[in-house]
Structures are given as C-alpha cells and as structure tokens.
Undergrad: 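Shown below is the structure under consideration.
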2 protein chains.
Amino acid sequence: MVVRSPLTDDELDRLFRALADATRRDIVTRLLAGEPASVSTLAARYDMSFAAVQKHVAMLEEAGLVSKESRGRERIVRSNPERIAQARALLFKLEQIWISRFSQLDDVLADPKPPTRK
Amino acid sequence: MVVRSPLTDDELDRLFRALADATRRDIVTRLLAGEPASVSTLAARYDMSFAAVQKHVAMLEEAGLVSKESRGRERIVRSNPERIAQARALLFKLEQIWISRFSQLDDVLADPKPPTRK
DNA sequence: AGAACGTACAACCATGTGGTTGTATATATG
DNA sequence: CATATATACAACCACATGGTTGTACGTTCT
C-alpha cells in the first residue's frame, strides 16, 4: 500500500483553492465519471475561451487533482482520485476532532499547531 | 432530521475558498477542538494583526463554517461542524462517481451539468 | 510544402485576497 | 466621567485569479 504522507499547508491551500471554482469542480467531475479527455475536448463544454479552460486545467494539475500526458499533439487529462480522498481525509479528521469532544477518546488526534507564515 | 439541501455553486466556492488558507483551517480546527472563543482570543494565536484575523473570521462566517454571537463587547465565535460535513459529502460524492465506474451501479448519482456562469 | 489543429504562453484588465494602519463606536472599568 | 478593551470598517498595497486576445510552435492531414 502506498504511504500517504500528509499534505503540506501549501499543498492543501492549492488543493482547496482548486476546488473553489465551479468550472474546475465540473472538469474534475467529468473526468471522474468518464474517460480521460484532451484539453480542447474539455474546453468545448464551457462558455469561455480555450485559454481560460487551459488555465483551469493547469491549476488542477498544480493541485494534483489531474495529470496530463502527451498523446501526439493532444494533452490527455485524467483525474487523480487519490487527491480527492486526501482532501476528504482532512475534513474527516476535522469532524473527528469535533466528535472526540463528546467521548473520552480525546487523544485520537494530535493537537494542532498554528501554521507558520510564508 | 434536518433537511440538508445541496449547496449552490456559490456556497461551495466560498466554502472551499475559506478552507484554502492555513490560518483559517487552524482557526476552524481550534474551534472544533476547544471552546468557542472571542475574535481577540483567536487573534492572539497568530503572528498577524487583529484586523487580519478578523477578516479571516469574516470569511469563515460567510462560508458558514463559523457563527458569531454578541456577548457584551465581545463576539464569540463557534464552529459549525455541519458545513465541514457538507464539504466532505461533496468529496465523497466525487469519489463515488469514480468508484461507480467499476461497478454496474452507475445510476447511483445524477449526471453533472456544466455550471452556469456568473 | 502548406493548412489546420491542439497547445502553451505572454500581455492585459478587472476584481479578489491577504496583509497593513488608522479611525470610529460600543462596552467595561477606574 | 475618563480610559481601556473589543470590534468593525475603510483605505491602501502587493499579488493572485479569472477572464480576454494575440502569438508561437509542434503535430497531423492533404
């Protein structure tokens, strides 16, 4: 099994920021539901320029939510479900922190430290 | 049981954007782990001005992740774990979309529609 | 070779973000 | 009443975002 090292603050920033846009969420959804697709195939779906969609895909790639592979003149974009799972894992951890307040098992999770500034 | 209407695109944008900052994630974590706290109590934790922390709390409030209550001259901030659950629910749904590709149960989830532009 | 296609990238613009300082206002305390 | 505390909010700054158009370059097709 692959070791899932916890994401850094910067990686989490990029991940949640990437998810904070409806077009990008839709791209991820389509890639999860269907086949990998070229950037222009994706772009055809949306009411904006090719360059705009290309920038969205670039942000998704920086966030680790998708990866690109060269195929002739096309770049095939595929989703990376692992990153979704990692984002969900953080939210689950937050919920557990809250839930643990009502049980005696308060030592389930480490105490948080304030983030260091960039 | 409370009816959880699905969040709109705008609400999801604000929710994920609010989570896309380490200071805000830390504020949420502390509020989930401990007692509700005044804005200045929260601000004391961080290496930035009171006004900066206040703006972070305002963004968390807009995202529905925390709520504020007047108590004398203080504003007591408390976390809203429900919103965390709603964010996690979306990510879970995305994972299910992917997983359903490998089963015959592809009708678990509705087909996505491209988001309408603002 | 030449044209069309797919992509990348730069420049630009309007707006938002993350921080600052300063000022105003309500509440508590001497 | 006077002063300190807690908050809110405006103005400002540097930089990021989300969009545009234009240009360049590799790949595919005639």
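Proteins get letters first, then strands, A, B, ... in listed order; numbering begins at 1 in each.
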Undergrad: Kindly say if B:K68 contacts the phosphate of D:dT7, meaning a side-chain N or O under 4.0 Å from OP1 or OP2.
TA: no
Undergrad: What nucleotide among C:dA28, C:dG18, C:dA4 has an atom nearest to a side-chain atom of B:R73?
TA: C:dA28
Undergrad: Can you tell me if A:H56 touches the phosphate of D:dG19, counting only side-chain N or O atoms and a distance under 4.0 Å to OP1 or OP2?
TA: yes
Undergrad: Grab the NZ-P distance between B:K55 and D:dA10 for me, whole Å please.
TA: 11 Å
Undergrad: Quick one: A:D47 CG to D:dG19 C1', roughly how many Å, whole number?
TA: 12 Å
Undergrad: Please classify the nucleic acid contact of B:R24 as base, sugar-phosphate, or nothing, using heavy-atom distances under 4.0 Å.
TA: sugar-phosphate
Undergrad: Out of curiosity, B:M48 CE to B:H56 NE2, how far, rounded to the nearest 0.5 Å?
TA: 4.5 Å
Undergrad: Measure from CD on B:Q54 to P on C:dG18 and round the result to the nearest Å.
TA: 15 Å
Undergrad: With a cut-off of less than 4.0 Å, is there a side-chain N or O of B:R75 near OP1 or OP2 of D:dA6?
TA: no
Undergrad: Whole angstrom is fine here: how far is it from CD in A:E69 over to P in D:dT27?
TA: 15 Å
Undergrad: Can you find a side chain N or O atom of A:S40 that sits less than 4.0 Å from OP1 or OP2 on C:dC5?
TA: no
Undergrad: Under a plain distance cut-off of 3.5 Å, with no hydrogens placed, do A:S38 and A:R75 share a side-chain donor-acceptor pair?
TA: no
Undergrad: In whole Å, I'd like the distance from the CZ atom of B:R71 to the P atom of C:dA28.
TA: 11 Å
Undergrad: Picking from C:dT7, C:dT20, D:dT20, which would you name as closest to the side chain of A:S38?
TA: C:dT7
Undergrad: Any carboxylate oxygen within less than 4.0 angstrom of a Lys/Arg side-chain nitrogen, looking at A:R101 and B:E35?
TA: yes
Undergrad: With a 4.0 Å cutoff (strictly under), does any side-chain N or O of B:S49 reach OP1 or OP2 of C:dG19?
TA: no
Undergrad: Please give, in whole Å, the distance from C:dG19 P to B:Y46 OH?
TA: 12 Å
Undergrad: State which of C:dG19, C:dG6, D:dT20 makes the closest approach to the side chain of A:A52.
TA: D:dT20
Undergrad: Within the structure shown, what part of the strands sits under 4.0 Å from A:A58 by heavy-atom distance: base, sugar-phosphate, or nothing?
TA: nothing
Undergrad: By nearest nucleotide on DNA chain D, pick out whichever of B:E74 and A:F50 is the more 5' one.
TA: B:E74
Undergrad: In whole angstrom, give the distance that lies between atom CG of B:D21 and atom P of C:dG16.
TA: 18 Å
Undergrad: Given B:W98, which of A:I84, A:N80, A:L32 fulfils the side chain to side chain contact (heavy atoms under 4.5 Å, CB included) condition?
TA: A:L32
Undergrad: On a heavy-atom basis, which atom in B:A87 and which in B:L15 lie closest, and how many Å separate them?
TA: CB-CD2, 3.8 Å
Undergrad: Provide, to the nearest angstrom, the distance between the CD atom belonging to A:E61 and the C1' atom belonging to C:dT7.
TA: 13 Å
